[in-house]
Every structure is written in C-alpha cells, then in structure tokens.
Novice: 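Quick one: structure below, then a few questions.
Just follow the structure's listing: the first ligand is 1, and inside any ligand the first atom is 1. No experiment lies behind these values; they were computed from the predicted model shown. Heavy-atom basis, side chains included; hydrogens, waters and symmetry copies ignored.
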Amino acid sequence: MTATLESTSPANGDVLGVVPEADEAAVARAVEAAKAAYEEWRLVPAPKRGEILYRFAQVLEREKAALTDLMTREMGKVKAEAGGDVQEAIDMSYYMAGEGRRLWGQTTPSELQNKFNMSVRVPVGVVGAITPWNFPIAIPSWKLAPALVCGNTVVLKPAEDTPLLAQRFVELLGEAGLPDGVVQIVHGYGETAGAALVRHPDVPIITFTGSRETGILVTKEAADNLKHVHLELGGKNAIIVLEDTDLELAVEGIVWSGFGTSGQRCTAASRVIAHAAVYDELQSRLVARAEKMRLGPGWEDDTDIGPVINRTAIEKIHSYTKIGRDEGAKLLTGGEVATDGDLAKGFYYRPTVFADVDARMRIAQEEIFGPTVSLIKVADFDEALRISNGIKYGLSSAIFTQDVNKAFRAMRDLQAGITYINAGTTGAEVHLPFGGTKDTGNGHREAGQAALDVFTEWKSIYVDYSGRLQRAQIDNT
Ligand code: UN1
C-alpha cells in the first residue's frame with residue numbers, strides 16, 4: 001500500500017483531501033522524469049516558454065476565487081490575504097513571461113581584432129524546489145516561474161501542510177500548456193522527501209524557503225555534491241516609530257505587518273522600536289486595535305485573524321508567551337489560545353503585545369512566527385537603528401518618520417534586504433529582489449531580475465572571425 005498524507009484545515013480540523021506520500025524511490029523517479037524532460041525543455045525558445053507562463057497567469061486569474069477559498073481552508077489565512085497570495089503568483093507569472101523575450105546577457109568589445117565577445121544565460125538543470133506553507137501559491141510561483149522561463153525543469157516538494165494547493169498549482173501549469181514531465185511534484189516531509197531531493201546527485205540546484213535551522217541542514221546535505229543552494233530563511237523584523245510621525249499610520253502599519261497572516265510571514269513585524277516620546281500612546285492605541293480583532297475561519301467575511309498552521313506552531317507561539325513573561329516583559333494583551341465556541345476546533349492564538357521588552361530578550365531575538373509583537377522603548381534614532389540591527393537576521397525593516405534626513409540614514413544603515421519608509425515590513429512586490437542579509441539567506445535573492453541569477457549559469461562566448469589563431473594576453477605582433 002502506498003503511504004498517504006492527509007490535508008486538514010487548521011481552521012476547524014476538517015479533512016480536505018489526501019495525497020500520495022513520496023519515499024526516496026518516488027523522489028528518484030520524479031528526478032529521472034524531470035531530467036529526461038530537461039533535454040527538450042531547454043531547447044524550447046525562451047519566448048515560447050514565457051508564453052506558457054503568460055497563459056498560466058491567465059489560468060490563475062480564472063481560478064483566483066477557487067484557489068483563494070481553498071487557501072482559507074487549507075492554510076488558514078483570511079480571504080483578502082489569500083487572494084493577495086494568488087495575486088502575487090499571477091503577477092510573478094506575467095512578469096517572468098516577459099523575461100522570455102529578454103533574458104539579457106552582455107556583449108562587450110574584445111581585446112583583439114575580428115573577435116566578438118558575449119555572455120549568455122544557460123539553465124542549470126533539474127531544480128529541487130522546497131516551499132513553505134505560509135505562501136502556498138505565491139512562493140511556488142517565485143521559484144517555478146523564473147526557473148521555467150530560464151529553461152530548467154523542476155521537482156517541487158511543497159510543505160506537508162498545504163499539499164492540495166501545490167497540487168492545484170502544478171495541475172494548472174499543465175492546463176496552461178506546460179509539457180508533461182517539466183514539473184514534477186513530490187509530497188512528504190522534509191526529513192524524507194525533502195532530504196531525498198536535496199541529496200539526489202541529478203539535482204544540481206536547490207531553492208529552499210523555510211527556517212534558518214533547516215536552511216543550514218540543506219546547505220550541509222547539498223555540500224557533498226557542490227550544489228547551488230538558494231535560501232530564504234527567517235526574519236525578526238522591526239518597525240521603528242520616531243517621535244515626529246503620524247501615529248495612527250504607524251499603528252495601521254504595525255497591525256497589518258504584525259498580525260496579518262497571524263504573524264506567519266518571514267517579513268512579519270515582530271518588534272516595534274518606539275521613541276520614548278510616543279511609546280505610551282502607541283502602546284495603548286495598539287492594544288486597543290489588537291483587542292478589537294476578530295478571530296475566526298479565513299473564509300468568513302468579518303474575520304481579522306485566521307488560525308495558525310498547526311498544533312506544533314501554536315505550542316511554539318504559546319511557549320514564547322511564557323518565555324517573555326519569565327524574562328520580565330509585560331504582557332499587555334493576548335498571550336493565550338482562543339477556545340471560545342467553534343474556535344476550539346482550530347488553532348487560534350490571540351494577537352499578543354508585550355511591552356517593556358529588552359532588546360536582548362529571547363522574544364526580541366528569536367523568530368516566533370505568530371501574532372506576537374514586542375515593544376521596545378528607545379531614547380533616540382541612533383539607538384533605534386542599533387536595536388533594529390542587533391539581531392542575527394536581516395530580511396525586512398521599516399521606519400515611520402517625517403524627517404527626510406533620518407529616512408535616508410535608515411535606508412543606508414538598516415542591515416536588511418528590504419527597507420520600508422512609512423509602511424510596515426510586509427508587502428514586497430514581485431519585480432524587486434526579495435531576500436535578506438545575515439542569517440536570512442546565503443547572498444541570493446529571489447523575485448525581480450535577481451531571480452534569473454539563481455536559475456541560470458553565465459556562459460561567456462568568444463567568437464574569433466580573424467581566420468588565424470589569436471591568443472588573448474599573448475603578444476601577437
Ligand atoms: C514570506 O513571508 O515568506 O512581502 C514572503 C511580503 C509578501 C511575501 C512574504 N509579499 O510580506
């Protein structure tokens with residue numbers, strides 16, 4: 001009997017479907033099929049590959065409502081955010097479709113007469129893509145759209161919590177005209193299916209979004225085969241609020257980035273660094289807003305916060321509430337699992353705000369991946385910058401201020417891959433590079449033009465039309 005994986009809703013425990021679970025042999029078969037498909041796919045002209053992505057974007061638009069609904073059930077985020085997740089995939093697919101007619105390289109003069117030099121992008125081969133559950137449609141598109149337009153084939157190992165959405169994603173690629181074999185999907189856990197993919201010698205490149213700890217494991221496993229490894233890992237992103245700012249706007253930004261997707265974004269704002277002059281007022285406004293938020297299933301219109309993904313997640317989030325209290329932070333609101341009525345059937349955590357947080361506390365240093373925001377009071381702008389940077393991650397950052405000088409200093413000095421001025425830490429657009437510094441990654445970026453660098457190798461080509469052997473760097477006269 002083949003093993004299976006059940007998809008259940010974090011909102012109420014409903015069983016949504018069942019998919020086959022891949023063991024090492026199944027992963028090997030998927031890789032073999034993707035490897036066979038590669039020989040033809042890499043020769044399909046890039047504009048034609050792009051046209052398939054264009055059609056895929058159209059298919060996603062057609063399916064947006066159905067995918068949005070499924071996402072509220074399988075992953076749990078609220079309707080508006082689920083629609084946004086699908087929209088990111090639509091945007092990315094249209095964007096990368098256009099790359100089919102660009103994929104620019106360079107031409108440059110030669111040192112020698114009658115010689116032509118250029119560089120072109122070539123695909124890498126079979127891409128192993130390991131994707132998380134928090135953006136179950138958007139993140140597969142961030143990886144697959146550029147990988148495919150560049151001429152790679154893909155084995156996708158989606159998160160075990162959201163297999164049905166990933167399955168739909170791959171089916172729709174087929175509907176858009178992607179030839180059989182070009183994308184393979186394998187379901188399963190990181191320790192089994194994921195590890196088999198990372199170790200497989202015929203997969204020269206792994207792209208992974210997930211935790212810092214797993215990213216390190218992936219890097220180690222991939223090292224023996226000298227694979228390319230592209231990592232998008234955690235964040236401990238801060239919003240700085242200076243004394244000159246529009247406080248209501250800042251609160252809006254904190255609510256959206258701190259509690260949106262129940263805090264389960266790697267770009268989520270889990271720290272707020274506020275100037276002492278506005279700290280008390282900010283604190284009371286934020287608590288008032290948090291306490292008004294309605295928890296519930298994502299598909300209900302008046303839900304503000306959906307469930308978190310599973311039992312392990314809610315236990316981890318709750319353990320940080322205890323850690324925060326033990327460390328001496330002041331719990332202002334939330335800090336508990338919500339169990340009233342039907343909420344008891346799912347994994348709902350109340351939006352949580354800690355005040356009097358010292359920047360060195362664990363709740364201010366470690367990624368919680370839940371609706372928990374820590375408030376840190378500072379005396380001035382320099383201290384705010386120092387604290388914002390004083391973590392091991394470097395994904396997103398934000399500052400609310402009307403002072404243009406400080407805004408420009410923040411743009412320069414915040415150690416992060418993304419900086420927002422007068423907005424929260426979330427909301428990246430697909431045509432700019434996405435990723436972070438320090439332990440958030442390993443120097444690569446996805447999205448934007450930067451994604452092409454992940455999914456291609458540069459090849460330099462020299463064409464000598466002089467009719468004689470010219471030797472670069474050697475005196476020919
Ligand atoms: C993630 O949390 O892994 O900028 C990605 C944002 C989204 C993407 C987040 N567009 O918040």
Novice: Could I get the full list of ring pair (Phe, Tyr, Trp, His ring centres under 6.0 Å) partners for Phe455, not counting sequence neighbours?
Specialist: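 By the ring pair (Phe, Tyr, Trp, His ring centres under 6.0 Å) rule, Phe455 matches no residue at all.
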
Novice: Quick one: does NZ or CZ of Arg265 land under 6.0 Å from the six-membered ring centre of Trp256, within 45 degrees of the ring axis?
Specialist: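 Arg265 over Trp256 ring: yes.
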
Novice: Near ligand 1, which residues have a heavy atom under 4.0 Å away from one of its atoms?
Specialist: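 The answer is Glu88, Asn134, Phe135, Ile139, Trp142, Arg265, Cys266, Thr267, Thr426, Gly427, Ala428, Phe434, counting any residue whose heavy atom sits under 4.0 Å from ligand 1.
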
Novice: Do the two ring centres, one from His230 and one from Phe208, sit under 6.0 Å apart?
Specialist: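 Here the rings of Phe208 and His230 have centres that are no less than 6.0 Å from each other.
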
Novice: With a cut-off of 3.5 Å and sequence neighbours excluded, list every side-chain donor-acceptor pair involving residues 405-412.
Specialist:
residue	atom	partner	partner atom	Å
Arg409	NH2	Asp382	OD1	2.8

Novice: Identify which one of Asp304, Asp301, Asp69 satisfies the salt bridge (charged side-chain N to carboxylate O under 4.0 Å, His left out) criterion when paired with Lys79.
Specialist: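 Among Asp304, Asp301, Asp69, the one meeting salt bridge (charged side-chain N to carboxylate O under 4.0 Å, His left out) with Lys79 is Asp301.
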
Novice: According to salt bridge (charged side-chain N to carboxylate O under 4.0 Å, His left out), does anything in residues 83-94 pair up with another residue at least two apart or in another chain? List the pairs.
Specialist: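 Passing the test, one end in residues 83-94: Lys77-Asp85.
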
